[in-house]
Amino acid sequence: MADPPIYLDCHATTPLDPAVVQAMMPFFTEHFGNPSSLHQYGWSAAAAINNSRETIAQAINAEPEEIIFTSGATEANNLAIKGVAEAYFGHGKHIITVVTEHSAVLDPCHYLESLGFEITYLPVQADGLLELAALEQAIRPDTILVSVMAANNEIGVLQPIREIGELCESHEILFHTDAAQAVGKIPLNVRDMNIHLMSMTAHKVYGPKGIGALYVRRRNPRVNLAAQLHGGGHERGLRSGTLYPPQIVGFAKAMELAMATMATEQVQLGELRSQLLNHLTQLSNMHLNGHPSCRLPGNLNVSFRGVDAQALLLGLQPMVALSSGSACSSTSTAPSHVLKALGHSDQLAYTSLRFGLGRFTTAEEVDQVGQAVVQTVEALRDLSSRL
Ligand SMILES: *Cc1c(COP(=O)(O)O)cnc(C)c1O
C-alpha cells in the first residue's frame with residue numbers, strides 16, 4: 001500500500017491527539033448519560049463536563065461559568081456577533097471588523113447589515129496587520145462591538161489583540177476575537193488582554209470536530225448576549241441543547257495538552273517552518289504572504305509567480321495534503337479575500353499555497369515536501385515557458 005499523504009493542512013483541521021481519543025472513549029460507552037439527568041449516569045457525565053469547563057477556563061484565565069459550549073467557532077462567532085447586536089442595539093447599531101476575517105465573522109456581519117446595522121470593514125496593511133490608528137478612527141459614539149481575529153486562518157498573521165483590547169476598554173466598547181486558530185498555539189489571557197468575548201474550536205488544536213466554546217465575560221463588564229438557540233435553557237440559557245460529553249471531554253484534553261506543550265511546540269514548529277522556507281527560497285519569484293515573524297509558528301503562505309496553485313496542488317498529488325487559500329471557502333473559485341486584502345492581484349492570489357505544519361509533522365516530511373514543491377514549480381514553469 002502507498003504511504004498516506006503527508007498532512008500539511010493543519011489550518012483546515014488537525015488530527016486528533018491519541019491522548020484525546022483515549023480520554024473521550026469512556027464517554028461513548030459506560031458514561032453515556034445525559035448530564036442533565038438526576039441519577040448516576042447523569043452525574044458522572046455532569047462531573048466530567050464541570051472538570052472540562054474548568055480546564056478550558058483556566059487555559060485562558062476565565063471563570064468556568066464564562067465558558068459557553070457550542071458546536072465550534074462558527075457557532076461561537078454567530079452567537080457573539082448576533083447576540084451582542086440583539087442585546088445592545090438600543091445603544092447603537094455600529095460594529096467594526098476587518099476585511100481579512102473568516103467568513104464565520106463576515107457573514108453574520110453581512111446579515112446584520114440586512115437588518116439595518118452599520119458595519120465598518122477595516123483594511124489591513126500589506127503585511128496583513130491591522131493599523132491601530134485606523135481602528136481608533138473608525139470608533140463612533142454608536143459603536144457597540146469590535147471583532148478582530150487573533151490569528152488568521154490563511155496567512156497566520158497575529159493581530160495586536162492586547163492593544164486592540166486596551167483601545168476598546170478605553171472607549172467602553174465590547175471586544176470579540178475569533179481565536180479559532182490561536183487558542184492553544186499562542187498565550188491568550190482574556191483578563192490581561194481585555195477580551196470580552198472569544199470564540200474557540202477544538203478541531204484546530206488536536207481535538208474533535210463539532211465542539212467549541214464562546215468565552216463570555218461575566219464581570220467588569222458583564223456582557224449581555226441574546227441567545228441564538230432556544231430550548232432547554234442549557235449553558236445559562238445562552239445555548240440550549242443537550243451537552244455532548246465525549247466532545248467536551250476531548251476538547252478539554254486537547255486544551256490541557258496544548259497548554260503543556262505550547263512553549264516547546266512553538267520552537268519546534270518555528271524550526272520546521274524555517275526548514276521548509278529554506279527549500280522554497282531556492283525558487284525565484286517566490287513571495288511570502290503576511291508578516292514574516294508576527295504569525296502562527298506553523299504557518300507559511302507563499303505565492304509562486306506564474307504558477308497556478310491548483311495545477312501545483314495536482315502536481316503534488318498524491319504525496320501531499322495541502323491547500324490553496326482557505327479550506328473553508330475552497331468550494332468557491334474566487335481568489336482568496338485575504339490575499340486580495342494584502343493588495344495582491346487576482347493573478348498572484350491564484351498562485352498561493354498555504355502550509356500548515358503541526359504537532360505530528362516531522363523534519364523528514366518537511367524535506368520531502370520542500371523538494372517536491374521546488375521540483376513541481378520548476379516543472380510547471382518550464383512547461384509554460386515552452387507553450
Ligand atoms: C476553522 C475556523 C473557524 C470555523 O470553526 P469551526 O469550528 O469549524 O466552525 C472560524 N474562524 C477561524 C479563524 C477558523 O480558522
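Whatever order the structure lists ligands and atoms in, that order sets their numbers, starting from 1.
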Query raised in the report: Would you call H203 a ligand 1 contact, heavy-atom distance under 4.0 Å?
Result: yes
**Report entry** Flag if over 12 foreign heavy atoms under 6.0 Å of CD, Q347
**Finding:** no
Query - N77, any N or O under 3.5 Å of ligand 1 N or O - result: no
Query raised in the report: Does an N or O anywhere in S71 fall below 3.5 Å from an N or O of ligand 1?
Result: no
Query - Over-ring placement of R359 relative to Y206, 6.0 Å and 45° cut-offs - result: yes
Query raised in the report: Given that the side chain starts at C-beta and the backbone is N, CA, C, O, which of these parts of E75 lies under 4.0 Å from ligand 1, counting heavy atoms, or is it both or neither?
Result: neither
Query raised in the report: Where does H11 meet ligand 1, judged by heavy-atom distances below 4.0 Å: at the side chain, the backbone, both, or neither?
Result: neither
Query raised in the report: Would you call E65 and R53 a salt bridge, using N to O less than 4.0 angstrom?
Result: no
Requested in this report: Under 4.0 Å, heavy atoms only, figure out whether ligand 1 is touched by the backbone of D178, its side chain, both or neither.
Outcome: side chain
Query raised in the report: Any chance CD of Q317 has more than 12 other-residue heavy atoms, nucleotides or ligands included, within less than 6.0 Å?
Result: yes
Query raised in the report: Using the benzene-type ring in the case of Trp, are the ring centres of Y41 and F32 under 6.0 Å apart?
Result: yes
Query raised in the report: Using a heavy-atom cut-off of under 4.0 Å, does the side chain or the backbone of A73 touch ligand 1, or both, or neither?
Result: both
Query raised in the report: Can we call the ring centroids of Y121 and H110 under 6.0 Å apart?
Result: yes
Requested in this report: Within a distance under 4.0 Å of any heavy atom of M149, pick out the atoms of ligand 1 and give their elements.
Outcome: 13 (C)
